[in-house]
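To start, I am sharing the structure in question, which I have written as structure tokens.
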Amino acid sequence: AAGIGLLVGMNCPKAVKPRDVITGISGRSQILFLVTYVARYLDLLTNFVSVYNTAMKVFFIAASAATVYLMLFKFKATYDHNHDTLRVEFLIAPCALLALVVNHDFTPLEILWTFSIYLESVAILPQLFMVSKTGEAETITSHYLFALGSYRALYILNWIYRYYFDNFFDLIAIVAGVVQTVLYCDFFYLYITKVLKGKKIVLPA
Amino acid sequence: DPSKEEHDEL
């Protein structure tokens with residue numbers, strides 16, 4: 001929530017003058033996150049878990065929709081097309097196929113949930129690809145990526161806890177969550193060794 | 001079996 005809130009805040013027209021909108025954010029990753037949250041939270045109205053759970057689902061969908069709108073429509077001029085080029089079809093298609101094959105239940109809602117779990121684990125790839133192409137990440141982008149990466153990493157601790165105390169585990173969520181966290185690892189290394197020391201992330205050319 | 005239970009995580 002902090003990461004997404006940061007992104008909306010920094011892209012919000014009131015907060016910053018249009019020319020200051022942070023560059024270097026991948027619009028493609030933001031679209032993948034929006035698809036992830038919509039596909040996963042379709043049970044928003046049918047399955048009430050808790051006020052917190054419902055509130056966060058609404059926040060995730062609203063904030064990522066706002067980010068996509070601000071980036072690709074309102075501030076279209078500052079969106080960096082030529083560096084945000086990873087083909088998302090090559091991410092969406094395999095996730096969709098895998099969701100049809102490997103899932104807990106062959107029902108529309110469960111397939112969409114599974115698709116969303118697989119998609120989330122690769123949704124950051126366009127962003128990481130863009131950072132490698134631009135060769136650097138703005139500090140605020142680094143904080144955003146660190147928050148986004150640690151969210152799923154912390155879930156791994158929660159899954160361990162639930163395995164030992166509730167004797168519950170969901171292998172699909174766990175495998176996808178581990179893959180997702182591994183994808184952030186090289187970024188975490190850069191974040192810890194550079195950004196936290198006040199340096200900018202500049203990748204070797 | 002997780003599918004029988006509703007997904008209760010984000």
Side-chain angles (χ1 to χ4, degrees), chain A residues 1 4 33 36-37 39-50 52-61 63-64 99 102-114 116-117 120 148 151-152 154-159 161-163 166-177, chain B:
Chain A
I4 296 173
F33 282 123
T36 295
Y37 297 139
R40 189 176 309 176
Y41 301 149
L42 292 173
D43 64 351
L44 184 64
L45 304 174
T46 55
N47 167 27
F48 180 78
V49 176
S50 70
Y52 166 78
N53 185 274
T54 301
M56 292 309 283
K57 286 177 177 177
V58 170
F59 174 76
F60 277 16
I61 292 175
S64 49
V102 181
N103 53 58
H104 291 310
D105 213 7
F106 201 80
T107 60
L109 265 183
E110 192 60 26
I111 301 264
L112 280 169
W113 178 86
T114 311
S116 142
I117 289 287
E120 187 188 358
L148 206 59
Y151 141 75
R152 216 64 188 165
L154 292 172
Y155 247 116
I156 294 174
L157 302 180
N158 173 54
W159 290 327
Y161 172 89
R162 289 190 72 177
Y163 177 69
D166 307 346
N167 196 28
F168 167 84
F169 70 98
D170 180 347
L171 207 54
I172 286 180
I174 291 172
V175 172
Chain B
D1 175 4
S3 72
K4 294 298 165 266
E5 294 163 34
E6 299 292 340
H7 295 296
D8 60 358
E9 295 182 346
L10 288 174

Handout entry: Side chain, backbone, both or neither of A/Y37 within contact of chain B (heavy atoms, under 4.5 Å)
Key = neither
Fill in the blank from the handout: By side-chain contact (heavy atoms from CB on, under 4.5 Å), A/Y161 pairs with (sequence neighbours left out) A/F165
Fill in the blank from the handout: Looking only at A/V49, A/I172, A/L109, A/N103, most heavy-atom pairs under 4.5 Å shared with chain B are made by A/V49
Handout entry: For B/L10 against A/K57, the heavy-atom pair lying closest together
Key = CD2-CG, 3.8 Å
Practice task
Give, as side chain, backbone, both or neither, the part of A/D43 having an atom under 4.5 angstrom from any heavy atom of chain B.
Solution key: side chain
Exercise for the section: Please work out which of the three classes, parallel, tilted or perpendicular, describes the rings of A/W113 and B/H7, given edges at 30° and 60°. Expected result: parallel
Handout entry: Side-chain heavy-atom pair A/R162, B/D8 within 4.5 angstrom cut-off
Key = yes
Problem - Min side-chain heavy-atom separation A/D170-B/E9 under 4.5 Å - result: no
Handout entry: Engaged part of A/Y52 at the chain B interface, taking heavy atoms whose separation is under 4.5 Å
Key = side chain
